[in-house]
2 protein chains.
Amino acid sequence: MTLSHLSKQIENKKSFLCVGLDIDLEKIPTHLLQEEDPIFAFSKAIIEATHDLCVAYKPNTAFFEAYGVKGWMALEKTINYLNKNYPDHFTIADAKRGDIGNTSTRYAKAFFEDLNFDSVTIAPYMGKDSVEPFLEFEDKFAILLALTSNQGAFDFQTKTVDEKPLYQEVLKTASQYKNSDRLMYVVGATKAEYLKEIRQIVPNSFLLVPGVGAQGGSLEEVVTYGKNDQVGLLVNSSRSIIYASNDTDFADAARAKALELQKQMAELI
Amino acid sequence: MTLSHLSKQIENKKSFLCVGLDIDLEKIPTHLLQEEDPIFAFSKAIIEATHDLCVAYKPNTAFFEAYGVKGWMALEKTINYLNKNYPDHFTIADAKRGDIGNTSTRYAKAFFEDLNFDSVTIAPYMGKDSVEPFLEFEDKFAILLALTSNQGAFDFQTKTVDEKPLYQEVLKTASQYKNSDRLMYVVGATKAEYLKEIRQIVPNSFLLVPGVGAQGGSLEEVVTYGKNDQVGLLVNSSRSIIYASNDTDFADAARAKALELQKQMAELI
């Protein structure tokens with residue numbers, strides 16, 4: 001997918017919502033456990049209930065991998081279902097990968113070619129030759145962890161390096177990598193006040209913002225400090241949407257929660 | 001596996017060799033491609049040819065994932081084969097995972113329970129609550145990236161934080177995490193001279209050292225600067241062993257290369 005196509009979807013839908021698919025068999029409605037593939041049945045129902053309200057889906061690969069081969073098959077079915085039925089949605093494999101060059105190339109091929117995701121989240125610690133292999137694929141994107149929404153972000157990401165926090169060093173360095181126009185960045189909504197400075201470093205890049213909802217981040221603050229001329233934001237919500245109810249009305253409840261967020265977004269952009 | 005059992009294996013075999021299984025269908029002998037599962041056929045042959053010379057195997061999950069469900073099944077078969085036939089070998093899922101708390105827990109369960117690996121490699125960038133979920137499993141280990149063997153390590157890992165390089169900050173901080181006795185650390189052999197200072201920070205921890213062989217690191221330097229009283233090293237070699245030949249003699253060639261390394265190790269410890 002091209003960036004302009006993604007921005008067009010945001011404009012049309014008045015939404016920059018990304019629905020996170022963190023699918024946990026212990027949390028989904030019990031009646032789905034009788035399905036042949038409960039993980040995919042749940043994914044599909046959530047997608048059907050929310051697709052007109054969001055512009056992106058983000059399956060978290062950990063939750064699929066936790067179920068081994070069965071989980072991996074459910075991930076394949078989910079991305080294939082999205083690509084077939086909702087090709088205008090931006091798809092994110094939330095995998096947080098990163099390895100030395102030839103191994104990163106393997107990961108990139110797995111997610112971009114084998115599974116045909118539009119993007120994959122990656123970790124910065126191993127530097128340039130772990131990131132650049134992900135940037136070699138046309139119309140595919142790598143979303144680099146910069147400042148994450150969890151408490152542990154303060155262990156290293158906010159430590160001072162060359163008179164600035166490490167996450168800013170990551171943004172500055174990565175924005176010089178080859179094909180860095182194919183980079184987006186993860187910035188947690190729980191640290192929205194940091195978005196102002198982040199926008200000075202990467203004014204034109206898309207930011208993937210987790211942490212609104214269950215983790216407590218404010219949508220309004222994210223927009224105030226993080227929006228650029230093309231919006232440039234994908235705000236993710238996972239648990240507060242997909243587990244809005246764990247009864248037979250789960251899909252309606254997920255839709256209601258997604259609609260609530262979409263309406264807030266429409267007012268803010 | 002317990003640490004004392006691993007140290008005992010090292011003592012018995014006079015080897016601290018870890019064989020990395022980075023299995024690439026474009027590099028394995030072409031006659032294996034006729035097998036029903038060429039990836040597993042190759043893994044199994046390498047294991048059979050080298051098991052008495054090494055104490056650990058490290059499948060790199062990227063190479064398996066690159067082949068989708070088929071690859072994931074080959075990974076399952078490989079770890080099951082090891083656990084059944086060679087339970088004294090320490091097994092490492094080289095996955096470089098790391099995510100917020102509940103997601104890290106998913107990854108930990110996937111690798112420690114579902115697949116029954118002894119250990120998994122993880123990335124430090126997201127901090128404490130991304131690492132500690134991996135440390136809750138008895139006799140299981142998380143191997144944290146500290147100083148990696150690639151060129152990109154100089155982008156962030158060696159940058160100065162609080163008057164020391166970031167990788168030392170990672171070592172100091174992580175060694176204070178709960179259950180940090182279940183942590184090991186990745187330190188690249190291409191930066192063996194750094195091992196002296198690293199040993200002052202984590203004198204008792206096992207270090208997983210990639211980069212000997214194809215990447216150019218020196219085994220002798222690694223031992224000089226990195227060995228502790230219990231050896232405390234696992235030196236990994238992947239490509240130089242498993243792709244020593246790509247003809248029908250590949251297993252013999254892999255054995256010859258592993259034997260060469262084991263002999264050097266026997267002399268050094």
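Hydrogens, waters and symmetry mates play no part in the numbers below; they use all other heavy atoms, side chains included. Just so you know, these numbers come straight off a predicted model, no measurement behind them. Residue numbers start from 1 in every chain, and the chains themselves are labelled A, B, ... in the order their sequence lines are given, proteins ahead of strands.
When each of V161(B), L166(B), N150(B), N60(B) is checked for heavy-atom pairs under 4.5 Å with chain A, N150(B) comes out on top. Per-residue heavy-atom pair counts under 4.5 Å with chain B were compared for Q157(A), E169(A), K159(A), and the maximum is reached by Q157(A). Between chain A and the residues D22(B), T61(B), V69(B), the most heavy-atom pairs under 4.5 angstrom are made by V69(B). When each of A153(B), S130(B), P124(B) is checked for heavy-atom pairs under 4.5 Å with chain A, P124(B) comes out on top. Per-residue counts of heavy-atom pairs under 4.5 Å with chain B were compared for A62(A), A123(A), A110(A); the largest is that of A62(A). Each of L75(A), V131(A), D24(A) has some count of heavy-atom pairs under 4.5 Å with chain B, and the biggest count is that of D24(A). Interface remark: of the candidates E113(A), M73(A), M126(A), K96(A), M126(A) forms the most heavy-atom pairs closer than 4.5 Å to chain B.
Between K109(B) and E65(A) there is no salt bridge, since no side-chain nitrogen of the basic residue lies less than 4.0 Å from a carboxylate oxygen of the acidic one. Of the charged side-chain nitrogens involved, none lies within less than 4.0 Å of a carboxylate oxygen, so that K128(B) and D155(A) do not count as a salt-bridged pair.
Counting only distance, with no hydrogens or angles, the side chain of D129(A) and the backbone of G152(B) share a donor-acceptor pair below 3.5 Å.
Counting non-hydrogen atoms of other residues, nucleotides and ligands closer than 6.0 Å to NZ of K77(A) gives a total above 12. Within a 6.0 Å radius of CD in E193(A), other residues, nucleotides and ligands contribute more than 12 heavy atoms. Environment of NZ in K178(A): sparse, with no more than 12 heavy atoms of neighbouring residues, nucleotides or ligands closer than 6.0 Å.
Taking 4.5 Å as the limit, every side-chain heavy atom of Q151(B) sits out of range of all side-chain heavy atoms of I100(A). In this structure the side chain of F64(B) never reaches within 4.5 angstrom of the side chain of R106(A), judged on heavy atoms.
We find the CZ-CZ distance between R97(B) and R97(A) to be 3.0 Å, quoted to the nearest 0.5 Å. To the nearest 0.5 angstrom, F63(B) atom CZ is 4.5 Å from N102(A) atom CG.
If you measure heavy-atom distances from T148(B) to chain A, the contacts under 4.5 Å come from the side chain alone. With a 4.5 angstrom heavy-atom cutoff, D114(B) touches chain A only via side-chain atoms. If you measure heavy-atom distances from F154(A) to chain B, you find no contacts under 4.5 Å at all. For E76(B), the part lying under 4.5 angstrom from a heavy atom of chain A is the side chain only. For a residue to count as touching a neighbouring chain, one of its non-hydrogen atoms must lie under 4.5 Å from one of that chain's; by this rule F112(A) does not touch chain B.
When every heavy atom of Y125(B) is checked against every heavy atom of F156(A), the shortest pair comes out as O-CD1, 4.3 Å.
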